[in-house]
Amino acid sequence: MQGKFPLTTRQTTILQSATTLAKNTLENEGSGHDWWHIYRVTRLSKKIAVAEGANLFICELAALLHDLIDEKLFDDPEAEKQRLQDWMLENEVTTDEAAHVMEIITTLSFKGGAGQPMTTLEGEVVQDADRLDAIGAIGIARTFVYSGKKGRPMYDPNVPVREEMTPEQYRDGKDTAINHFYEKLLKLQHLLNTDAGRKIAQQRHTYMEQFLRQFKQEWDGLDGEL
Ligand code: ADP
Ligand code: NI
């Protein structure tokens with residue numbers, strides 16, 4: 001995939017090193033931000049970047065590094081930010097590129113709906129890719145893994161869906177896997193930035209709706225003609 005922005009040898013080397021860094025750091029991550037999440041977001045970022053004419057190097061580098069300063073994963077995100085900044089400069093990422101990548105990954109996270117809008121096309125691309133990995137078949141699977149890890153039920157008809165939540169409630173409140181679809185996942189298709197992202201989202205969204213319908217039918221024993 002060459003697109004509008006073919007990669008230089010320097011950039012290719014940086015992307016290889018960033019892949020190794022992300023793999024090594026997130027290898028044992030168990031909350032859905034493991035290396036394979038990064039792999040998928042990077043693949044989608046490249047695909048969307050080409051379709052949207054965005055800078056491929058910035059998109060790919062930001063995708064590879066996007067979870068390395070996350071407040072959920074690291075005790076001291078500020079220290080991680082500094083480490084990443086140093087890493088980029090040591091690895092011959094230019095000051096401008098580093099600033100752009102840092103800007104993207106610090107504004108990217110959804111954070112219970114309070115996320116700021118992205119300021120560049122490359123940011124929009126990577127944010128779309130990250131959000132797309134939370135919907136569709138992968139999104140369903142990640143949701144149940146996350147809920148299981150938190151010790152939450154897959155569903156409880158007595159736990160109401162929350163319309164408004166503080167970031168604390170979003171992270172730690174009483175929740176079920178099924179409620180998470182209504183609280184976040186079904187809203188994501190309307191929060192995408194790019195046409196290419198929206199296109200990919202359509203089928204994933206429909207798939208989740210089908211899943212929820214089937215789940216409810218099975219829950220009440222209403223499925224299957226006898
Ligand atoms: P991000 O880091 O992309 O902002 P999160 O940490 O909120 O996303 O989510 C990571 C994964 O865990 C996503 O697939 C998301 O749907 C899932 N997840 C997050 N919060 C919940 C929750 N309360 N219940 C179930 N799954 C969740
Ligand atoms: Ni992510």
Side-chain angles (χ1 to χ4, degrees), residues 18-19 21-23 25-27 29-46 48 59-74 77 80 84 101 104-118 122-156 159-189 191-193 197 201 204-205 207-208 211-212 215:
T19 303
L21 178 70
K23 258 188 199 159
T25 316
L26 298 172
E27 217 169 10
E29 215 290 319
S31 75
H33 299 85
D34 55 292
W35 155 250
W36 292 111
H37 164 66
I38 305 304
Y39 164 86
R40 294 186 303 267
V41 172
T42 305
R43 299 274 299 202
L44 271 182
S45 293
K46 285 164 77 169
I48 300 171
C59 289
E60 194 171 346
L61 186 59
L64 285 168
L65 302 179
H66 85 271
D67 272 338
L68 293 183
I69 57 163
D70 196 298
E71 60 183 21
K72 299 184 294 293
L73 310 184
F74 302 101
E80 298 303 325
L84 201 54
V101 167
I104 292 173
I105 64 181
T106 46
T107 31
L108 190 118
S109 177
F110 179 86
K111 299 216 179 66
Q116 303 145 302
M118 304 307 288
E122 286 69 26
E124 293 184 337
V125 167
V126 180
Q127 188 178 54
D128 277 4
D130 195 34
R131 286 178 169 170
L132 284 167
D133 200 52
I135 63 174
I138 299 276
I140 294 170
R142 286 179 81 203
T143 299
F144 287 93
V145 169
Y146 184 100
S147 280
K149 193 174 156 86
K150 291 266 183 179
R152 294 175 185 163
M154 61 177 184
Y155 181 48
D156 180 343
V159 177
V161 170
R162 300 164 297 176
E163 296 298 336
E164 303 280 337
M165 327 163 237
T166 63
E168 290 69 35
Q169 287 167 335
Y170 173 68
R171 289 280 162 235
D172 299 315
K174 201 165 159 49
D175 202 4
T176 70
I178 291 294
N179 282 8
H180 188 61
F181 288 85
Y182 299 97
E183 291 171 355
K184 174 177 172 184
L185 306 185
L186 292 171
K187 296 176 181 171
L188 287 179
Q189 78 162 355
L191 296 177
L192 294 175
N193 307 299
R204 294 188 181 205
H205 185 86
Y207 189 81
M208 287 194 298
F211 168 78
L212 290 167
F215 186 98

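Indexing begins at 1, ligand by ligand and atom by atom, following the structure's order.
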Counting only heavy atoms, which portion of [X] has something under 4.0 Å from ligand 1: side chain, backbone, both, or neither?
X    : result
D67  : neither
D175 : side chain
R131 : neither
D133 : neither

Nearby protein N/O/S atoms (those under 2.8 Å) for the Ni ion (ligand 2), with water ignored: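 As for protein N, O or S atoms lying under 2.8 Å from the Ni ion (ligand 2), they are H37 NE2, H66 NE2, D130 OD1.
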
If we only consider heavy atoms of [X], is any one of them less than 4.0 Å away from an atom in ligand 1?
X    : answer
K184 : yes
E183 : no
H33  : yes

Validation row: [X], [Y] side chains within 4.5 angstrom (heavy atoms):
X    : Y    : answer
T143 : I178 : no
Q127 : E124 : no
V126 : I105 : no
V41  : D67  : no
Y39  : K23  : no
H66  : I104 : no
W35  : E27  : no
I140 : F215 : no

Candidate with minimal heavy-atom separation from atom 25 (C) of ligand 1, of S147, A134, A141: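 Result: the heavy atom closest to atom 25 (C) of ligand 1 is in S147.
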
Polar proximity ligand 1 side, T176 side, N/O cut 3.5 Å exclusive: no

Electrostatic pair D175:R162 at N-O distance under 4.0 angstrom: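 The answer is yes: the pair qualifies as a salt bridge.
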
Can you sort out which atoms of ligand 1 are near [X], meaning under 4.0 Å from one of its heavy atoms?
X    : result
D130 : 3 (O)
T143 : 16 (O), 25 (C), 26 (N)
L185 : 16 (O)
R152 : 22 (C), 23 (N), 24 (N)

Y207 atom OH, over 12 foreign heavy atoms within 6.0 Å: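 Open.
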
Aromatic ring pairing H37/H33, orientation class (parallel under 30°, perpendicular over 60°, tilted between): perpendicular

Residues which pass ring pair (Phe, Tyr, Trp, His ring centres under 6.0 Å) with Y182, listed by chain and number, not counting sequence neighbours: none

